[in-house]
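Each chain gets a letter, A, B and so on, in the order its sequence line appears, and its residues count up from 1.
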There are 2 protein chains.
Amino acid sequence: MTKARQATLAILRDAQEPLCAAAVLERIGVCCDQVTVYRSLHFLEENGLADSFILHCAEHGTERYYTAVDSLKDGYSGHHHWFHCEMCHRFLDLGDCQLHTLVAGYEAAHQITVKSHTLYFTGICADCQIQGH
Amino acid sequence: MTKARQATLAILRDAQEPLCAAAVLERIGVCCDQVTVYRSLHFLEENGLADSFILHCAEHGTERYYTAVDSLKDGYSGHHHWFHCEMCHRFLDLGDCQLHTLVAGYEAAHQITVKSHTLYFTGICADCQIQGH
DNA sequence: GCATGAATTGCAAATCATTTGCATATTTTT
DNA sequence: AAAAATATGCAAATGATTTGCAATTCATGC
């Protein structure tokens, strides 16, 4: 792995939330160019080191967000799902993917092979609910 | 509802799959402009008549896809989920949303209010599996 | 340890779905 | 039917992401 790709992966791992390319770029400093960040994110995802999803948010528009994939442990896929607060625009980690049974059911019912899925939730987080709207 | 909005909704209802703005435009003929299609789709979604999700596909790039929301029947939300075949690029209807329990669990566990979610699956459909790769 | 071909990077410019400004047309209200 | 409000069309802007290409760095064999 090149320096740029390592730096990108380290940033995703350190982040407590999904990051868009712009957020990675902000943190990566002079290490490399914006285009290299995009290419590194592609590389990481192709190689199973990162996950991504496209989310539209009133504040930030439509962007692809990336997370580092957890190292696999017993019974865990390393693939998380997220909640996005439409008021404070932060992400909340909902933990490891819970869709295995559902996916298996769809595969059996329709004779399809599901290779990946995108799932995220939006709404109001606990903090924003307390503060009223 | 204006003529453009009615025409857009009728197209979504007739379609057996999610449609992007370009696909709606193709079918809408001289009825209205491309910009009006975009605005009509926004209108339908804001008013609960359509659902949408953003999907990236090798063939068609990144686009937002819309479906008409079913009229509500007992125990059904009207909100469907879809499978997208990465070989033939078609959509398969997986039926009414099955996430109610999961959502309720997340809401209780994190004191959040989930207002919506995005879920879709990608992989290889039955037809493409038979045909080999 | 270094030459050599392959893969990666930086920069500038291109893409492309979607949005916006604004004048006109249509719809709704009174 | 006139006035006020809303929707539409057209042209141009936006903004995230991608691409071309020359220069640089990396991997590998000798």
Side-chain angles (χ1 to χ4, degrees), chain A residues 1-12 15 17-67 84 86 89 91 118 120, chain B residues 1-12 15 17-67 84 86 89 91 118 120:
Chain A
M1 280 230 299
T2 63
K3 194 179 54 167
R5 290 168 177 177
Q6 280 175 328
T8 303
L9 182 55
I11 287 168
L12 293 183
E17 56 179 351
L19 298 180
C20 62
V24 172
L25 188 67
E26 241 172 44
R27 294 163 204 220
I28 213 164
V30 292
C31 160
C32 68
D33 186 77
Q34 183 188 39
V35 175
T36 301
V37 169
Y38 276 103
R39 290 196 271 227
S40 296
L41 290 168
H42 286 168
F43 172 87
L44 294 173
E45 186 163 26
E46 271 168 22
N47 291 80
L49 297 165
D51 257 352
S52 81
F53 56 89
I54 302 166
L55 176 141
H56 177 90
C57 147
E59 177 120 334
H60 304 107
T62 301
E63 291 182 291
R64 189 178 281 273
Y65 292 84
Y66 291 84
T67 55
H84 184 250
E86 54 192 44
H89 308 293
F91 286 97
T118 294
Y120 57 78
Chain B
M1 282 232 296
T2 65
K3 192 179 55 165
R5 289 167 178 179
Q6 281 175 328
T8 303
L9 182 55
I11 287 168
L12 293 183
E17 56 179 350
L19 298 180
C20 63
V24 172
L25 189 66
E26 243 172 42
R27 295 163 203 220
I28 212 164
V30 292
C31 160
C32 67
D33 186 77
Q34 183 189 37
V35 175
T36 301
V37 169
Y38 276 103
R39 289 195 271 227
S40 295
L41 289 168
H42 285 168
F43 173 87
L44 294 172
E45 187 163 25
E46 272 168 22
N47 290 79
L49 297 164
D51 257 351
S52 80
F53 56 89
I54 301 167
L55 177 140
H56 177 90
C57 146
E59 176 121 333
H60 303 106
T62 301
E63 292 182 290
R64 189 178 281 273
Y65 292 84
Y66 292 86
T67 54
H84 184 249
E86 54 193 44
H89 308 293
F91 286 97
T118 294
Y120 57 79

Chemist: May I have the distance from M1(A) (atom CE) to dT8(C) (atom P), rounded to whole angstrom?
Modeler: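 Distance check: M1(A) CE to dT8(C) P gives 12 Å.
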
Chemist: Atom CZ of R64(A) to atom P of dG15(D): distance rounded to whole Å?
Modeler: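 Taking CZ of R64(A) and P of dG15(D), I get 20 Å after rounding.
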
Chemist: Quick one: are the ring centres of Y65(A) and Y120(A) less than 6.0 Å apart?
Modeler: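 Here the rings of Y120(A) and Y65(A) have centres that are no less than 6.0 Å from each other.
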
Chemist: Quick one: Y65(A) OH to dT17(D) C1', roughly how many Å, whole number?
Modeler: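 Between C1' of dT17(D) and OH of Y65(A): 14 Å.
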
Chemist: On the 0 to 90° scale, with breaks at 30° and 60°, tag the F91(A)-F53(A) ring pair as parallel, tilted or perpendicular.
Modeler: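 It falls in the perpendicular class, over 60°.
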
Chemist: Specify the separation, in whole Å, of atom NE2 of H42(B) and atom P of dA7(D).
Modeler: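 That distance rounds to 14 Å.
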
Chemist: Write down the distance between CD (E63(A)) and C1' (dT17(D)), rounded to a whole number of angstrom.
Modeler: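 Those two atoms, CD and C1', are 11 Å apart.
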
Chemist: What's the separation between atom SG in C20(A) and atom CD1 in I54(A), rounded to the nearest 0.5 Å?
Modeler: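 With rounding to 0.5 Å, SG (C20(A)) is 13.0 Å from CD1 (I54(A)).
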
Chemist: Closest-nucleotide mapping onto DNA chain C: is K3(B) or H60(B) further toward the 5' terminus? I mean the 5' end.
Modeler: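 It is H60(B), whose closest nucleotide lies nearer the 5' terminus.
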
Chemist: Taking atom CG of L49(A) and atom OG1 of T67(A), what is their separation to the nearest 0.5 Å?
Modeler: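 With rounding to 0.5 Å, CG (L49(A)) is 11.5 Å from OG1 (T67(A)).
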
Chemist: If you measure from OG1 on T36(B) to CG on L41(B), what distance do you get to the nearest 0.5 Å?
Modeler: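 Answer rounded to 0.5 Å: 10.5 Å.
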
Chemist: Would you kindly give the CD1-to-C1' distance between I28(B) and dA7(D), to the nearest whole Å?
Modeler: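 My rounded result for the distance is 14 Å.
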
Chemist: I need the R39(B) CZ to E46(B) CD distance, nearest 0.5 Å.
Modeler: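 Here the rounded value is 12.5 Å.
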
Chemist: E45(A) CD to dT18(D) P: how many Å, rounded?
Modeler: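 In whole Å, dT18(D) P and E45(A) CD are 11 Å from each other.
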
Chemist: Give one of base, sugar-phosphate or nothing for H56(B), where a contact means two heavy atoms less than 4.0 Å apart.
Modeler: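 Nothing, no heavy atom under 4.0 Å.
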
Chemist: Quick one: label A4(A) by what it contacts on the DNA or RNA (base, sugar-phosphate, nothing), any heavy atom closer than 4.0 Å.
Modeler: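 Sugar-phosphate, no base atom in range.
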
Chemist: Atom CD of E46(A) to atom C1' of dT18(D): distance rounded to whole Å?
Modeler: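 Rounded to whole Å, this separation is 14 Å.
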
Chemist: So, taking the atom named CG in L19(B) and the one named OG in S52(B), what distance separates them when rounded to the nearest 0.5 Å?
Modeler: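 Reported to 0.5 Å precision, the distance equals 12.0 Å.
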
Chemist: Using a strict heavy-atom distance below 4.0 Å, which residues from residues 31-40 of chain A are in contact with DNA chain C?
Modeler: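 Of all residues in residues 31-40 of chain A, the ones placing a heavy atom under 4.0 Å from DNA chain C are C31(A), C32(A), D33(A), V35(A), T36(A), R39(A).
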
